[in-house]
Amino acid sequence: MDEQHGIRRRHARRPKRRVAGPARRCPERPWLAIRPSPFSIEQDGATRIQYTLSARPSLIRVRIYDARGRRVRTLEEARLAGRSGELVWNGRNDAGNRVRIGPYVVLLEAVQADGGTTTELKETVVVARPLN
């Protein structure tokens with residue numbers, strides 16, 4: 001209240017801004033998920049590698065590296081992919097042999113087909129043996 005004039009003042013509310021045209025969605029943040037981890041070939045059979053990219057279409061390359069940084073498996077090599085997808089790794093190297101137990105790094109590289117922008121996603125997966 002303005003005591004000098006006896007007037008009660010209200011704070012003016014700002015009108016909500018409306019944007020004309022189609023609503024703009026903020027692109028999802030890229031992510032990579034591996035389930036199950038740890039996994040065993042004997043018990044689980046394989047692990048699923050799920051990804052979501054912020055743009056589409058993209059050329060993707062997915063490689064798996066051991067703890068020493070050596071490439072053990074290439075799951076995808078320059079395949080045109082959509083915004084999201086899933087790959088399966090059976091715990092074997094490129095020669096078809098079972099890999100040793102331990103941690104592995106899954107590296108997904110995506111290059112936008114129209115703009116050349118590159119996205120790299122990394123996640124660790126653990127290959128284990130059943131305890132029983």
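What you see is a predicted model; the values in this text were computed from it and never measured.
The CD atom of Glu123 sits 16.0 Å away from the OH atom of Tyr51 when rounded to the nearest 0.5 Å. In this structure, CZ on Arg63 lies 9.5 Å from CG on Asp94, to the nearest 0.5 angstrom. In this structure, CG in Leu32 is found 12.0 Å from OG1 in Thr119, a value given to the nearest 0.5 Å. Note that CD1 of Ile60 is 10.5 Å distant from CG of Leu121, once rounded to the nearest 0.5 Å.
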inquiry  = What verdict does the side-chain contact (heavy atoms from CB on, under 4.5 Å) test give for Gln50 and Trp31, after you've listed the backbone C-alpha separation in whole Å, the side-chain angles of each residue and the deciding distance to 0.1 Å?
reply    = CA-CA 8 Å; Gln50 299 172 324; Trp31 58 268; 4.1 Å; yes
request  = Check step by step if side-chain contact (heavy atoms from CB on, under 4.5 Å) holds for Val106 and Leu108.
outcome  = CA-CA 7 Å; Val106 175; Leu108 183 141; 5.5 Å; no
ask   = For Val62 and Trp89, what are the C-alpha separation, side-chain angles and deciding distance, and is it a side-chain contact (heavy atoms from CB on, under 4.5 Å)?
value = CA-CA 11 Å; Val62 181; Trp89 181 42; over 6 Å; no
request  = Decide yes or no on side-chain contact (heavy atoms from CB on, under 4.5 Å) for Ile64 and Leu75, but give the supporting numbers first.
outcome  = CA-CA 8 Å; Ile64 299 173; Leu75 293 177; 3.8 Å; yes
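Checked for salt-bridge contact, Arg61 and Glu77 meet the test: a charged N lies under 4.0 Å from a carboxylate O.
In this structure, Leu59 and Ala78 approach most closely via the heavy-atom pair CD2-O, 4.1 Å.
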Taking only distance into account, with no hydrogens and no angle test, what donor-acceptor pairs under 3.5 Å do side-chain atoms of residues 37-46 form with protein atoms, sequence neighbours excluded?
{"unit_1": "Ser37", "atom_1": "OG", "unit_2": "Val126", "atom_2": "N", "d": "3.1"}
{"unit_1": "Ser40", "atom_1": "OG", "unit_2": "Gln43", "atom_2": "N", "d": "3.1"}
{"unit_1": "Glu42", "atom_1": "OE2", "unit_2": "Arg98", "atom_2": "NH2", "d": "2.0"}
{"unit_1": "Asp44", "atom_1": "OD2", "unit_2": "Ser40", "atom_2": "N", "d": "3.0"}

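A side-chain N or O of Asn90 and one of Arg73 form a donor-acceptor pair less than 3.5 Å apart.
Formation of a donor-acceptor pair under 3.5 Å by the Arg83 side chain with backbone atoms of Leu53 is found in this model. The main-chain N or O of Arg35 is found under 3.5 Å from a side-chain atom of Thr47 such that the two form a donor-acceptor pair.
Through side-chain heavy atoms spaced under 4.5 Å, either directly or across other Ile, Leu, Val, Met, Phe, Trp or Tyr residues, Ile101 is tied to no other residue.
Counting only heavy atoms from C-beta outward, the side chains of Ile49 and Glu76 never approach each other to under 4.5 Å.
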